Amino acid sequence: MFVKICGLSEPEHVEAAVEAGADAIGLVMTASPRRVTPSRAAELAALAPPHVLTVGVFMGEPVEEVRQAAEAAGVGAVQLHGRHPHADFTALKDLGLTLVRAVAADADLRTGAFDEDLLIVDAPRAGAGEPWDWAAVRGRPSGNWLLAGGLDPGNVRQAIEAARPWGVDVSSGVEVARGVKDSDLIRSFLGAARS
């Protein structure tokens, strides 16, 4: 089970995620309580070993702004969240980074349909931390896709059984307050996702 811990902003939480076996960490560079600057993202990304994918997360920014921030941060992947057009992904292909498309379940759920490498299927209200009908997407997404939205250490096994994703992505489910991660919750989530 591929596991991404998203919205990290403190070195101790990056280290906890890496030590617990996360496959990817998300660094949010868009409007959010978890937002980090490209220079802060670069510091955090540098703490991850090469086998951990560092993902710059964006939502609605123009492609040139995404490109500049991703290059400044030195991330290995760019995640475009929401209704980004196909052209945005095509325009970023030359960066040579892993491209991630994050959408709600009512979007095109074919991994690669927008030239992306990974697909994230999120809750209708992204970032709200609310569980949703995970079973509704079972069998619909194709390729390498991650389930997100309302996951936490207590329900991730149930969500995996309901949706049968290739991976899972968590942010608010490993927080003690909005935007404030917890190392123990990060470790618990990774343990539960792979149990």
Side-chain angles (χ1 to χ4, degrees), residues 2-9 22-46 48 50 52-130 132 134 136-137 140-151 163 165-172 179:
F2 186 99
V3 180
K4 174 172 169 267
I5 308 292
C6 199
L8 299 177
S9 57
D23 297 289
I25 60 165
L27 306 167
V28 177
M29 290 182 272
T30 192
S32 164
R34 304 164 186 95
R35 184 177 200 154
V36 293
T37 63
S39 60
R40 178 66 166 172
E43 292 169 16
L44 297 168
V52 175
L53 185 64
T54 53
V55 184
V57 179
F58 302 90
M59 189 160 99
E61 288 80 9
V63 170
E64 264 322 300
E65 196 176 309
V66 171
R67 174 185 296 276
Q68 288 167 6
E71 287 178 330
V75 291
V78 167
Q79 175 178 321
L80 298 182
H81 212 110
R83 300 277 181 189
H84 282 265
H86 191 157
D88 284 3
F89 292 88
T90 305
L92 294 168
K93 267 296 205 204
D94 67 311
L95 285 174
L97 303 175
T98 298
L99 296 180
V100 184
R101 179 168 61 102
V103 292
D106 61 350
D108 185 334
L109 300 185
R110 295 168 299 149
T111 303
F114 282 54
D115 288 327
E116 79 279 11
D117 303 289
L118 295 174
L119 176 70
I120 296 173
V121 181
D122 201 352
R125 286 201 325 131
E130 298 165 349
W132 55 288
W134 302 304
V137 296
R140 286 179 52 214
S142 66
N144 291 345
W145 71 281
L146 283 68
L147 181 69
L151 304 179
W166 173 80
V168 289
D169 182 11
V170 67
S171 184
S172 57

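Since we're looking at a predicted model, the values are computed, not measured. Heavy atoms only: backbone and side chains are in, while hydrogens, waters and symmetry mates are out.
- Among residues two or more places apart in sequence or in another chain, the salt bridge (charged side-chain N to carboxylate O under 4.0 Å, His left out) test is passed with R110 by D108.
- In this structure, OG in S171 is found 10.5 Å from CG in L151, a value given to the nearest 0.5 Å.
- E71 is linked by a side-chain contact (heavy atoms from CB on, under 4.5 Å) to R67, L95, counting only residues two or more places apart in sequence or in another chain.
- Rounding to the nearest 0.5 angstrom, the gap separating the CD atom in E130 from the OG atom in S172 is 9.0 Å.
- Nearest heavy-atom pair across A70 and V78 is CB-CG2, 3.6 Å.
- Applying the side-chain contact (heavy atoms from CB on, under 4.5 Å) rule to V63 yields the partners D88, A91, L92; only residues at least two apart in sequence or on another chain are considered.
- For T90 (side chain) and H86 (main-chain N/O), a donor-acceptor pair under 3.5 Å exists by modelled atom type.
- The salt bridge (charged side-chain N to carboxylate O under 4.0 Å, His left out) test applied to E43 returns R40, not counting sequence neighbours.
- Distance alone, capped at 3.5 Å, places no donor-acceptor pair between the R101 side chain and the H84 backbone.
- Taking each heavy atom of F58 and A69 in turn, the nearest pair found is CE2-CB, 3.6 Å.
- Looking only at distances, a side-chain donor or acceptor of S142 sits under 3.5 Å from a matching main-chain atom of T111.
- Looking at heavy atoms from C-beta onward, I5 lies in side-chain contact with V170 at the 4.5 angstrom threshold.
- In terms of the salt bridge (charged side-chain N to carboxylate O under 4.0 Å, His left out) criterion, D115 has no residue partners (sequence neighbours excluded).
- Atom CG of D122 sits about 7.5 Å away from atom CG of D169, to the nearest 0.5 Å.
- Applying the side chain to side chain donor-acceptor pair (under 3.5 Å) test to T37 and every residue at least two apart in sequence or in another chain returns S39.
- Listed here is the closest heavy atom pair of W166 and G143: CB-O, 4.5 Å.
- Here the closest heavy-atom approach between residue A104 and residue A123 is recorded as CB-O, 4.2 Å.
- When each of T98, L99, V28, V57 is paired with Q79, the side chain to side chain contact (heavy atoms under 4.5 Å, CB included) condition holds for V57 and for no other.
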**Message:** Run the side-chain contact (heavy atoms from CB on, under 4.5 Å) test on L80 and F89 for me, step by step, so that the C-alpha distance in whole Å, both residues' side-chain angles and the decisive distance to 0.1 Å come before the verdict.
**Reply:** CA-CA 8 Å; L80 298 182; F89 292 88; 3.7 Å; yes

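- In this structure, CG in L147 is found 10.0 Å from CD1 in I120, a value given to the nearest 0.5 Å.
- Here S9 contributes atom OG and L44 contributes atom CG; the two are 7.0 Å apart, rounded to the nearest 0.5 Å.
- Contact annotation: the side chain of N144 never approaches that of F2 to less than 4.5 Å [non-hydrogen atoms, C-beta and beyond].
- Residues satisfying the side chain to side chain donor-acceptor pair (under 3.5 Å) criterion with T30, sequence neighbours excluded, are E61.
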**Message:** The test is side-chain contact (heavy atoms from CB on, under 4.5 Å); show your working for V168 and K4 and say whether it passes.
**Reply:** CA-CA 6 Å; V168 289; K4 174 172 169 267; over 6 Å; no

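- Looking at every heavy atom in both residues, A105 comes nearest to R140 through O-NH2, 2.7 Å.
- The minimum heavy-atom distance between A22 and V52, with the atom names listed, is O-CG2, 3.6 Å.
- By the side-chain contact (heavy atoms from CB on, under 4.5 Å) test, A41 is found to be paired with L27, M29, V36, A73, residues two or more places apart in sequence or in another chain being considered.
- Taken from CG in L119 to CZ in F114, the straight-line distance is 10.0 Å, to the nearest 0.5 Å.
- With sequence neighbours excluded, the residues that form a side-chain contact (heavy atoms from CB on, under 4.5 Å) with A107 are R83, V103.
- You'll find the side chain of V121 reaches within 4.5 Å of the side chain of L109, heavy atoms only.
- Under the side chain to side chain donor-acceptor pair (under 3.5 Å) criterion, T54 pairs with no residue at all, not counting sequence neighbours.
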**Message:** Please determine whether side-chain contact (heavy atoms from CB on, under 4.5 Å) holds for the pair V137 and W132, giving the CA-CA distance in whole Å, both sets of side-chain angles, and the decisive distance to 0.1 Å.
**Reply:** CA-CA 11 Å; V137 296; W132 55 288; 3.8 Å; yes

